[in-house]
Structures are given as C-alpha cells and as structure tokens.
Undergrad: 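Here it is: the structure, laid out below.
All residue numbers refer to positions in the sequence shown, counting from 1.
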Amino acid sequence: QRYGISGCMYRIYDLQKASMMKRFSAFLLDFILLIILTTGFMWLISAVTGYADYTSAIDNKMSEIEAKYDIPAISEEYKIDLNQYDILSKEEKEKYPAEVRAAFDACIEEINSNDDINHTYVMIISLTILMVSLSLFLATFLLEFVVPLILKNGQTVGKKVFALAVMRIDGVRVTPVIMFVRSILGKYTVEIMIPVIILLMLFFGVGSIVTLAVIPLILIFELILVIATKTNSFIHDVLSSTVLVDLPSQMIFDSVKAKLEYQARIHSEDAKKAKY
C-alpha cells in the first residue's frame with residue numbers, strides 16, 4: 001500500500017501510468033538508436049545487393065545521352081539543367097530558343113524511352129524499398145522485441161534508462177506473443193512502414209500526393225487515442241492490449257490468478273485491521 005499526494009491510500013497493483021515526459025524521453029532515446037541501427041543495416045544491405053552499381057550505371061547512361069545533345073554546355077550557358085527544364089510549364093519553356101528546347105525535349109524523350117535506364121530505375125526503386133523496409137524491420141525487431149525479452153517487462157533501452165515498463169492492461173506481465181504484436185504489427189507495420197512507404201512512393205514519383213494525407217490522419221488518430229483512452233495508449237498498445245507504466249511504483253503480476261490471490265490477501269488483511 002502507498003499514499004498519494006492527497007493522502008489517500010492506493011494499492012500498488014493499481015495502474016501507475018508513466019508520465020508523458022518520461023515516455024517522450026524514452027521514445028527519443030529509442031528513436032535515436034533505431035536510426036543508428038537502421039542506417040547500419042542499410043549500409044550492409046546496400047553493399048550486399050550492389051546498390052551503388054545501379055546508381056552509377058543510371059548516372060553514366062544519362063550522362064552519355066545528355067552529352068549526345070550537348071546538354072552540359074547548354075545548361076552552363078542558360079543556367080538550367082535537365083530536371084529544372086522538365087518541370088517548367090509550356091509558357092516558361094517558350095522563353096528559351098527553339099534549338100535549346102529541341103535539344104532538351106529530345107534528350108528527355110530518349111531518356112524516358114531508354115529500356116536500360118527504365119530497367120535500372122525500377123531496380124533502384126525496388127532495392128531502396130527493400131533496404132529501407134528490411135533495415136527498419138531488423139532494427140525494430142532487435143530494439144523493440146529482442147531487447148525487451150532480454151531486459152524483461154517489455155523494456156527497451158530507453159524504457160530501462162527511464163524506469164518504464166510494459167504490461168497487459170490487466171496488470172499481468174507481457175508475453176513474447178504480446179510483445180511481437182506490439183512491436184512488429186503495431187509499431188513497425190502501422191506506425192512506421194505505412195508512412196515510410198508513402199514517402200518513398202512520392203519521392204520516386206510513383207504515388208499520388210493524395211496518399212500523403214494518410215500520414216497526418218495516422219498522427220491525428222494517435223493523438224485521439226492518447227487523449228480518449230484511460231491508459232493514454234498509442235496504436236501499438238491498443239492492438240496488443242498493453243500499457244506503459246512507471247516500474248518503481250507498479251506491481252506487475254505473472255498471471256491473472258496471482259493478481260487475484262494477492263488482491264484477496266490484501267483485502268483480507270484490511271478486513272482484519274478494520275475489525276480490530
């Protein structure tokens with residue numbers, strides 16, 4: 001038993017939610033570690049798949065076609081490169097001499113219709129998505145699933161440093177299956193990869209700008225959950241029926257039976273004290 005600020009007694013098996021400041025601090029530390037580990041995995045996957053060779057190949061082929069139409073010299077003279085010209089409106093392009101427009105247009109058309117460039121570009125997109133998704137998965141798997149299994153009570157490095165823990169909403173210790181749902185299905189699949197895939201699609205020009213609205217919608221939904229739920233839970237906690245708690249002040253039970261037995265014993269002791 002402990003006493004709150006007002007002097008009212010509460011049970012240590014009651015929910016002792018972690019403060020938002022400690023939660024944010026733990027998140028920030030875990031996020032930094034996730035970025036570092038993800039970057040390392042991306043470098044490793046890039047070396048294994050020969051990603052740099054594909055980027056070099058497409059750069060060399062495009063340089064070869066640009067040289068054919070004397071684009072480097074034209075770009076230097078008119079202070080505009082091929083990419084800048086390509087996004088100009090028809091009216092803006094009319095400001096340049098006919099021979100300049102003809103060279104740029106012919107070069108762009110040949111690049112767009114070149115099979116080698118198109119094939120290499122598809123490979124670069126595929127490898128980029130593979131590197132990012134696999135690297136994030138491995139980093140998330142290690143930091144959010146393996147490490148908590150080692151440290152116990154669902155603790156990541158950040159949660160360990162700031163004395164936080166993860167438990168089921170009924171006060172029972174989390175299992176590996178629950179941690180997998182929380183970290184992989186919740187955090188990795190919904191909260192990380194959906195926004196990342198959308199940003200990658202937009203970056204490579206293969207997605208609609210409308211899909212970008214999904215990201216703020218996810219953030220708004222997260223905010224609603226934090227405000228509306230009694231446990232101030234995010235998506236990953238709702239999916240796994242878990243809650244983040246302050247470990248020093250929270251009692252976590254091995255099973256529902258153990259919790260019920262403890263509660264019965266405490267209530268019995270209270271009844272005896274009240275009797276005398």
Undergrad: Assess Lys93 against Tyr85: is NZ or CZ under 6.0 Å from the centre of the six-membered ring, and within 45 degrees of the ring's axis?
TA: yes
Undergrad: Checking side-chain hydrogen bond (donor to acceptor under 3.5 Å, both in side chains) between Asn153 and each of Arg173, Lys160, Gln250, which is the one that passes?
TA: Arg173
Undergrad: Report yes if some heavy atom in the side chain of Ser133 is under 4.5 Å from a heavy atom in the side chain of Met193; otherwise report no.
TA: yes
Undergrad: Does Leu130 belong to the same Ile/Leu/Val/Met/Phe/Trp/Tyr cluster as Val196, with side-chain heavy atoms less than 4.5 Å apart forming each link?
TA: yes
Undergrad: Report whether Val147 and Phe162 are members of the same hydrophobic cluster (ILVMFWY, side-chain heavy atoms less than 4.5 Å apart, transitive linking).
TA: yes
Undergrad: Side-chain contact test, heavy atoms from C-beta onward, threshold under 4.5 Å: evaluate it for Val172 versus Asp254 and give yes or no.
TA: no
Undergrad: Going by atom types alone, do Ser89 and Glu92 pair a side-chain donor with an acceptor below 3.5 Å?
TA: yes
Undergrad: Is the shortest heavy-atom distance from the side chain of Leu142 to the side chain of Phe41 under 4.5 Å?
TA: yes
Undergrad: For Val243 and Asp237, what are the C-alpha separation, side-chain angles and deciding distance, and is it a side chain to side chain contact (heavy atoms under 4.5 Å, CB included)?
TA: CA-CA 6 Å; Val243 59; Asp237 280 315; 5.8 Å; no
Undergrad: Hey, are the side chains of Ile235 and Glu222 touching, using non-hydrogen atoms and a 4.5 Å cut-off?
TA: yes
Undergrad: Give me the one residue out of Leu164, Leu149, Leu247, Ile150 that meets side chain to side chain contact (heavy atoms under 4.5 Å, CB included) with Gln155.
TA: Leu247
Undergrad: Are Glu144 and Tyr188 linked by a side-chain donor-acceptor pair shorter than 3.5 Å?
TA: no
Undergrad: Applying the 4.5 Å side-chain criterion to the ILVMFWY set and letting contacts propagate, would Leu151 and Leu143 be lumped into a single cluster?
TA: yes
Undergrad: What's the shortest heavy-atom distance between Ser113 and Asn118, and which atoms?
TA: C-ND2, 4.0 Å
Undergrad: What side-chain donor-acceptor pairs closer than 3.5 Å can you find for residues 76-83, not counting sequence neighbours?
TA:
from	atom 1	to	atom 2	distance (Å)
Lys79	NZ	Glu76	O	3.4
Asp81	OD1	Asn83	N	3.2
Asp81	OD1	Gln84	N	2.7

Undergrad: If I compare all heavy atoms of Thr156 with all of Pro148, which pair ends up nearest, and what's the gap?
TA: CG2-CG, 4.0 Å
Undergrad: What orientation do Phe145 and Phe141 show, parallel under 30°, tilted 30 to 60°, or perpendicular over 60°?
TA: tilted
Undergrad: Between Ile218 and Pro195, is there a side-chain heavy-atom distance shorter than 4.5 Å?
TA: yes
Undergrad: For the residue pair Lys187 and Ser183, what are the closest heavy atoms and their distance?
TA: CB-O, 3.2 Å
Undergrad: Please assess Leu33 against Leu37 for the test side chain to side chain contact (heavy atoms under 4.5 Å, CB included), listing each intermediate value before the final yes or no.
TA: CA-CA 6 Å; Leu33 293 176; Leu37 200 54; over 6 Å; no
Undergrad: Are any side-chain N or O atoms of Thr189 and backbone N or O atoms of Gly186, one a donor and one an acceptor, separated by less than 3.5 Å?
TA: no
Undergrad: Between Ala163 and Pro248, what is the shortest heavy-atom contact and its length?
TA: O-CD, 3.4 Å
Undergrad: With respect to Asp246, which candidate in Lys22, Lys17, Lys159 satisfies the salt bridge (Lys or Arg N to Asp or Glu O under 4.0 Å) definition?
TA: Lys22
Undergrad: Mark yes when over 12 heavy atoms from residues, nucleotides or ligands other than Met20 sit less than 6.0 Å from its CE; otherwise mark no.
TA: yes
Undergrad: In terms of relative ring orientation, are Phe27 and Phe24 parallel, tilted or perpendicular, with 30° and 60° separating the classes?
TA: tilted
Undergrad: Would a hydrophobic clustering, with Ile, Leu, Val, Met, Phe, Trp and Tyr connected at side-chain separations under 4.5 Å, put Ile36 with Leu44?
TA: no
Undergrad: Please report the shortest heavy-atom distance between Leu239 and Val181, naming the atom on each side.
TA: O-CG1, 3.8 Å
Undergrad: Would you say the side chains of Thr128 and Tyr51 form a donor-acceptor pair under 3.5 Å?
TA: yes
Undergrad: Answer whether the closest heavy-atom distance between the side chains of Leu212 and Leu199 falls below 4.5 Å.
TA: yes
Undergrad: Among the clusters formed by ILVMFWY side chains lying less than 4.5 Å apart, do Tyr54 and Val122 turn up in the same one?
TA: no
Undergrad: Using a 4.5 Å cut-off on heavy atoms from C-beta on, say whether the side chain of Leu244 contacts that of Met167.
TA: no
Undergrad: Can you find a heavy atom in the side chain of Glu94 that is under 4.5 Å from one in the side chain of Glu91?
TA: no
Undergrad: Specify the closest pair of heavy atoms between Ser233 and Thr242, including all atoms of both residues, with the distance to one decimal.
TA: OG-O, 3.8 Å
